[in-house]
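Indexing begins at 1, ligand by ligand and atom by atom, following the structure's order.
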Amino acid sequence: MSNRITSLFGIKYPIISGGMVWCSGWRLASAVSNAGGLGLIGAGSMHPEVLREHIQKCKAATDKPFGVNVPLMYPQIEEIMDIIISEGVKVVFTSAGNPKLWTKKLQEHGIIVTHVVSSSKFAIKCEEAGVDAVVAEGFEAGGHNGREETSTMVLIPQVRQSISIPLIAAGGIGTGGGMLAAFALGAEGVQMGTRFALTQESSASQEFKDLCLELKEGDTILSLKKLSPTRLVKNEFYNSVQTAEDRGASVEEMRELLGRGRSKKGIFEGNLIDGELEIGQISSLINDLPTAEHIVNSVVAEYNIKVEDITSRNIKF
Ligand SMILES: Cc1cc2nc3c(=O)[nH]c(=O)nc-3n(C[C@H](O)[C@H](O)[C@H](O)COP(=O)(O)O)c2cc1C
């Protein structure tokens, strides 16, 4: 398999593990890269010096390309970017902010820049800002999400029509069939978050992983819409958010309710009651905790079987 995404990043398979707070440390990123995908370290939950340590450990654990995801609202962004540049990271995925801010500077240091969006409008802004590739993420996805609530099925073909640079699909993809569907819609790579959050190498707590394996259809929901829409498990914390939103709580009240460190409490420390439990809709399809290498290999194998299957079913009309 070779296409614009595999060539851009120098990888074997166009499969990327999303940079995820409290899940994507050096262990997960290096395991995905060693398996032939592109592993991302999630800087969003790391103090700058912790990020440096993860980058150094990732470099020691793989000689394959890997990258760092940086949510652009990160408070110590200058420090984070300095570390990325000085450690010689080759790939950066930015999210949650304006792609114009950092793209040029990173590219001047030879870094490939990809930006994450949830609409065609912002995909066009990415192309104008000169990014090398775009991740278009649909409303099924775990974590922070677009206000428009556009699903991956609807988003990808529209983004494909809007831009000509390489396109990576994200949101609700966790299988080879999902990857094939995304490719049929015009994507050239997939970024999977939830599937890789539920692996051996993910740094999420065992309690969080065990809960996610039990989730059924409808057990996650887009919440925190007044602050920053985020897909969460419907637990007690979500119930209190919902109650507050229903009585018309102000943004300030919502901010106070969310407080600090909620996602750490839920995902990393395993507090399933008071924690903010970010995970995607595809969790309802997942009931195992394999290694990241197994995921990459099985997604590729299933993709190939599905291609054969569709061809042999002679479903042309
Ligand atoms: C627990 C969790 C944490 C996430 N944290 C981030 C993050 O820090 N930065 C980011 O750009 N995306 C983040 N995401 C989104 C993923 O990178 C990815 O785009 C998304 O999970 C894809 O959809 P899926 O969950 O349906 O596979 C997170 C997702 C999850 C599940």
Item to complete: Could you tell me whether E188 and R160 have a side-chain N and a carboxylate O separated by less than 4.0 Å?
Response: yes

Worksheet item: Have S120 and Q158 got a donor and an acceptor in their side chains that come within less than 3.5 Å?
Response: no

Discussion item. Any atom of ligand 1 sitting under 4.0 Å from a heavy atom of M192?
Written reply: yes

Item to complete: Provide, to 0.1 Å, the distance between atom 19 (O) of ligand 1 and the closest protein heavy atom, together with that atom's residue and name.
Response: E137 OE2, 2.5 Å

Discussion item. Suppose we measure from atom 28 (C) of ligand 1 to each protein heavy atom; which comes out shortest, and what is that distance?
Written reply: M20 CG, 3.5 Å

Worksheet item: Should the pair E245-K226 be classified as a salt bridge under the 4.0 Å nitrogen-to-oxygen rule?
Response: no

Discussion item. Starting from atom 25 (O) of ligand 1, what is the nearest protein heavy atom, named by residue and atom, and what distance separates them?
Written reply: T194 OG1, 2.6 Å

Worksheet item: When hydrophobic residues are tied together by side-chain contacts of less than 4.5 Å, even through go-betweens, does I16 share a cluster with F66?
Response: no

Worksheet item: Ring centres of F183 and Y303 under 6.0 Å apart?
Response: yes

Practice prompt. Please work out which of G193, G18, A141, G19 has its closest non-hydrogen atom nearest to atom 14 (N) of ligand 1.
Written response: G19

Worksheet item: So is G44 in contact with ligand 1, going by heavy-atom distances below 4.0 Å?
Response: no

Item to complete: Going by the side-chain contact (heavy atoms from CB on, under 4.5 Å) test, name the single residue among L40, N69, L28 that passes it with M20.
Response: L28

Discussion item. Test of understanding: given a 4.0 Å heavy-atom threshold, classify the contact between E278 and ligand 1 as side chain, backbone, both, or neither.
Written reply: both

Practice prompt. Pick, from S263, G280, G172, S202, the option with the minimum heavy-atom distance to atom 26 (O) of ligand 1.
Written response: G172

Response to the item:
The atoms of ligand 1 lying under 4.0 Å from a heavy atom of N69, numbered in the order shown, are 7 (C), 8 (O), 9 (N), 10 (C), 11 (O)

Discussion item. Do E127 and S164 pair up side chain to side chain, a donor and an acceptor below 3.5 Å, judged on atom types alone?
Written reply: yes

Item to complete: Just jot down the ligand 1 atoms closer than 4.0 angstrom to any heavy atom of S95, in number order.
Response: 9 (N), 10 (C), 11 (O)

Discussion item. Using a plain distance cutoff, I'd like to know if G142 has any nitrogen or oxygen under 3.5 Å from a nitrogen or oxygen of ligand 1.
Written reply: yes

Discussion item. Please determine whether a side-chain nitrogen of the Lys or Arg among E253 and R247 lies less than 4.0 Å from a carboxylate oxygen of the Asp or Glu.
Written reply: yes

Discussion item. To check your reading of the model: name the closest protein heavy atom to atom 8 (O) of ligand 1, its residue, and the distance in Å.
Written reply: V21 CG1, 3.3 Å

Fill in: Over 12 foreign heavy atoms within 6.0 Å of NZ, K234
yes

Worksheet item: Near G171, which atoms of ligand 1 are under 4.0 Å from a heavy atom of that residue?
Response: 22 (C), 23 (O), 26 (O)

